[in-house]
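Okay, so here's the structure we're looking at.
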Amino acid sequence: MTTNTILLLLLSLVIAGGLSYFQYFFKAKSKSNVIFLLAFLRFLAIFGLLVLLINPIITKNALQVTKTPLAVVVDNSSSITALKSDKKVTELYQKIVSNPALQEKFDIQSYQFDADFKPSKDFDFKGTQTNLDEAAKNLKSINKNLTFPTVIITDGNQTTGNDYVYRFDPVNKVYPLVVGDTTTFLDLKINQLNVNKYAFHKNKFPVEVFLQYAGDKTTNADFTITQGNTVVAKEKVSFSPSKKTAVLNLLLPADKVGLQVFRASVLSNAKEKNSYNNIKNFAVEVIDQKSVVAIVSAINHPDIAGLKRSIETNAQRKVILVKPNEINLLQDVSVLVLYQPTTAFKAIFDNNKLAGTNTFIITGNNTDFNFLNQQQTNLVFKMSGQREDYLSEFDSQFNLFAIDNIGFENFPPLQNVFGTITTNGNVSVLLSSKIRNVSTGAPLLAFAENQNKRTAFLLGENSWKWRLQSHIDNQSFEKYDVFIDKIIQYLASTTSRKSLVVTHESFYNSGEEIVINAQYFNKNYEFDEKARLTISVTNAATKQVKNYDLLKGNNSFSANLEGLAAGKYNFSVKELNTNTTYSSHFEILDFDIEKQFVNPDVLKLQQLALQTNGKAYFENQADLLINALLENKAYKSIEKNISTKTPIIDWVWLLILIAALLTAEWFIRKYNGLL
């Protein structure tokens, strides 16, 4: 409280006393006890009002002790159970969090991780994936700008996510507590199997297999791939203490159309602790045709290479690059990509009027827009000679096909000639354009359908920069390539539009997310948000039926079929208001990635400890870990002085007290006849 405030409060005392004296004692004939009481009440009321007017600030100081956080993170994945360490992990966790000395020194935080990361004090060890990277990312966020130790009780075997060794904050020490038997056992393992999801009928498809060996003796093994009772490939492999890995490249025949399931196995005469990781099932969808996409361009541009790469990530697509005067047989082409058409494209447009091939028109600085106005009527171009950069804006109401916003607003601008673009007829806009932050109302990516012929328009060049930006944002081209693939898939389809569209895979691996997406359209082919969609899933072997509701997202409905066992399933999606149905099937392959390990990854956990200046401990060294944490003088409690400043005007009770004093004074004067 300042000197001026104190002086004002003293002056308030004088003023309140003077006014009370003048009211009740100045020229008063009698000075009874009632007069003294009334004068006192008036004094308190006036003084309270003056205090509110002065509004002094009351400062309160309190000491608060802040302990250093101690993050205790437990691996909740099923690999802990597979290594028979679940009871040991629970025992170690309880030993750390219940230690009185640690409780006194640290603010103990308990977390668990498998595929996700969350606070927890109870663990079931049923996680189907292990993602230590998720733990590193969340701990940085939770204890931001703090120096704290982390204890991780884990086997160190990660199945998904980035390499965790370099993901933890190097300023904060990590103490891995390694669980599981570190004794080296003889073990043969199919470490990885790479195969395309699709193959083409009467061709051969490649299979790449990485085998791994753990042991100290020379051993021979047989690697086989079978389909049912038929052996389709077989090779002998030898391992030794100096040769612990082998890479096999095989070509398998695609003799049958449809989903083909194979079983890869590596076996030897030696007895192994874990034989589950000797077998891996995989599947390939064999298709009987390949759609051809022709990119027609009179100029060279990076956009063409970017489109070709994105389209051909789907093995069902083949891209050919041609000049406008080189393409004749349009009936062999599923989709025509016309890149920056000019008058040189006239023959193609004329031929396509008869062939009816769906087209993807991409414009840019070299496009002849007057010629384009003559060849199509879906968009009307009134363009100037000036160039402009156009940013994109995603339309969440787009409903021709299911598409997510992959960050279009953050993509670099496309360059196109400045002008006015208006839509004409049945045109659906996925991306509209902006100049800087001003919406133009014109389309940037649009789709039109007239008389069963589909056309897509991308109004700007330099889309290759979009693909690079998507890779920067997601560390992968996948999201952008899927976006392009959905455009090509829409254009390649020649079937009439269905009211119920369902998207799903033909097969999934056990432990993977199994999501069925669906869209329902009304008679005007508008996305119906009020649709009621359910899915019935039937196990083909056991005939067990499970029913789910599809939940509405931004522009589609989806159901997560989590927890289904390996096997073949038939399913049916139904719209309850109209009884529209879609039926199909999928297969879940038996593969549990968490059962692939026989030992903890001690080396990786020791690297993590070294990277953060911590230390790795084994499960029988928990007492040493506790002592190290207690003896580390860097982790001290911080005593803070918490200063709280409160203005008197915020004291509601003072206002109530003043009102009560004035009320009491009035009633006393009334009772004694002094009014």
Side-chain angles (χ1 to χ4, degrees), residues 78 126 128-129 190 193 195-201 205 207 224-233 252-265 275-289 315-316 402 495 498-520 532-551 556-576 579-596:
S78 60
K126 293 182 179 179
T128 57
Q129 296 276 7
I190 299 178
L193 191 149
V195 64
N196 291 329
K197 285 188 175 183
Y198 303 98
F200 302 103
H201 190 218
F205 60 92
V207 178
T224 58
I225 296 179
T226 59
Q227 185 178 23
N229 296 322
T230 305
V231 177
V232 294
L252 303 184
D255 296 332
K256 300 176 183 177
V257 176
L259 181 65
Q260 308 300 319
V261 180
F262 299 89
R263 181 185 181 93
S265 61
S275 59
Y276 184 87
N277 58 13
N278 291 35
I279 299 170
K280 194 164 190 177
N281 295 319
F282 66 97
V284 174
E285 182 87 14
V286 178
I287 54 180
D288 60 358
Q289 62 179 353
Q316 298 182 68
T495 57
K498 299 177 181 178
S499 58
L500 180 58
V501 180
V502 181
T503 306
H504 63 96
E505 298 287 347
S506 298
F507 60 90
Y508 303 88
N509 284 322
S510 293
E512 285 184 346
E513 188 177 45
I514 303 173
V515 177
I516 307 294
N517 291 305
Q519 289 181 301
Y520 182 76
R532 297 164 57 209
L533 298 178
T534 63
I535 180 171
S536 177
V537 182
T538 305
N539 188 307
T542 65
K543 306 303 179 183
Q544 182 181 8
V545 179
K546 290 188 176 182
N547 297 308
Y548 304 83
D549 289 327
L550 278 79
L551 303 179
S556 66
F557 295 84
S558 64
N560 190 338
L561 310 183
E562 186 179 359
L564 293 179
K568 295 182 179 179
Y569 291 87
N570 300 314
F571 72 91
S572 177
V573 177
K574 183 176 183 180
E575 203 287 313
L576 299 179
N579 290 327
T580 306
T581 60
Y582 170 89
S583 298
S584 188
H585 59 86
F586 61 84
E587 184 168 351
I588 301 176
L589 305 181
D590 184 15
F591 176 71
D592 188 348
I593 194 170
E594 291 291 332
K595 291 183 180 179
Q596 302 298 306

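All figures in this text were calculated on a predicted structure; none of them were measured in a lab.
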Closest contact, heavy atoms only, [X] versus [Y]:
{"X": "Ala283", "Y": "Leu589", "answer": "N-CD1, 3.7 Å"}
{"X": "Phe507", "Y": "Val284", "answer": "CE2-N, 4.3 Å"}
{"X": "Ala264", "Y": "Phe282", "answer": "CB-CE2, 4.2 Å"}
{"X": "Leu259", "Y": "Ser506", "answer": "CD2-O, 3.6 Å"}
{"X": "Val286", "Y": "Val257", "answer": "O-CG1, 3.5 Å"}

Nearest-0.5 Å distance that lies between atom [atom1] in [X] and atom [atom2] in [Y]:
{"X": "Asp549", "Y": "Ser558", "atom1": "CG", "atom2": "OG", "value": "11.5 Å"}
{"X": "Leu500", "Y": "Phe557", "atom1": "CG", "atom2": "CZ", "value": "10.0 Å"}
{"X": "Thr581", "Y": "Asn579", "atom1": "OG1", "atom2": "CG", "value": "8.5 Å"}
{"X": "Ile225", "Y": "Thr230", "atom1": "CD1", "atom2": "OG1", "value": "13.5 Å"}
{"X": "Leu564", "Y": "Ile514", "atom1": "CG", "atom2": "CD1", "value": "5.5 Å"}
{"X": "Ile516", "Y": "Leu550", "atom1": "CD1", "atom2": "CG", "value": "8.5 Å"}

For the side chain of Glu575 and the backbone of Arg532, is there at least one donor-acceptor N/O pair under 3.5 Å apart?
yes
Measure up the His504 and Phe571 rings against each other and bin them: parallel (under 30°), tilted (30 to 60°), perpendicular (over 60°).
perpendicular
Any pair counted as side chain to side chain donor-acceptor pair (under 3.5 Å), so long as it reaches residues 255-265, sequence neighbours left out
Thr224-Ser265, Gln227-Gln260
Partners meeting ring-ring contact (aromatic ring centres under 6.0 Å, His included) with Tyr276 (sequence neighbours left out):
none
Aromatic centroids of Tyr508 and Phe586 separated by under 6.0 Å:
yes
Contacts of Glu505 meeting salt bridge (charged side-chain N to carboxylate O under 4.0 Å, His left out) (sequence neighbours excluded), chain-then-number -> Lys197
